[in-house]
Amino acid sequence: SCLRGSERSRIVEDLIEQGNGSEFVKDLKRLVESHELVEEYGGLDKAKTQAERFRLNTCIKMHGFMCRIISDVESCK
C-alpha cells in the first residue's frame, strides 16, 4: 500500500494545510483512481497484458493511459 504508518498523519496534515485543490491532493486522487482501475482489470499482470494488447492494436491513447496507471501503481511498491 502507498500509505504507511507515519505517512498517513503527514497526508492528513498536508490535506488540512493545502486544501482540496492542491497538487498534492490531485496526485493522491490520481493514485487512488489508478489503483482502482488496475483492480478493475483484474490486477497488475492483467492490466499489463491489456496495455500490450492496446499497443499491438495501435490504440496509442489507451496504451499510454494504461502505462500511466500501471506506473502509478508500481510506484507504490
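Throughout, residue positions are numbered sequentially from 1 according to the sequence presented.
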Rounded distance (nearest 0.5 Å) linking atom CD of Glu40 with atom NE2 of His35: 13.5 Å

Measuring from Met66:CE to Thr49:OG1, what's the distance to the nearest 0.5 Å? 9.0 Å

With the side chain counted from C-beta on, respond yes when Ile60 and Phe54 share a heavy-atom pair under 4.5 Å apart, and no when they do not. no

Closest non-hydrogen atoms of Cys76 and Leu31, given as atom of the first, atom of the second and distance, are SG-CD2, 4.3 Å

Would you mind checking if Glu23 and Lys26 are paired as a salt bridge, meaning a charged N to carboxylate O distance below 4.0 Å? yes

With Cys67, which residues qualify under side chain to side chain contact (heavy atoms under 4.5 Å, CB included), at least two apart? His63

Passes salt bridge (Lys or Arg N to Asp or Glu O under 4.0 Å), Glu74 versus Lys48? Steps please. CA-CA 11 Å; Glu74 288 180 332; Lys48 287 180 179 181; 2.7 Å; yes

For Arg30 and Asp72, the nearest pair of non-hydrogen atoms, with its separation, is NE-OD2, 3.0 Å

Value rounded to 0.5 Å, distance of CG in Asp45 from CD in Gln50: 13.5 Å

How many angstroms lie between CZ in Phe65 and OG in Ser34, if you round to the nearest 0.5 Å? 7.0 Å

Do you know which two heavy atoms are closest between Leu44 and Val38, and how far apart they sit? N-CG1, 3.6 Å

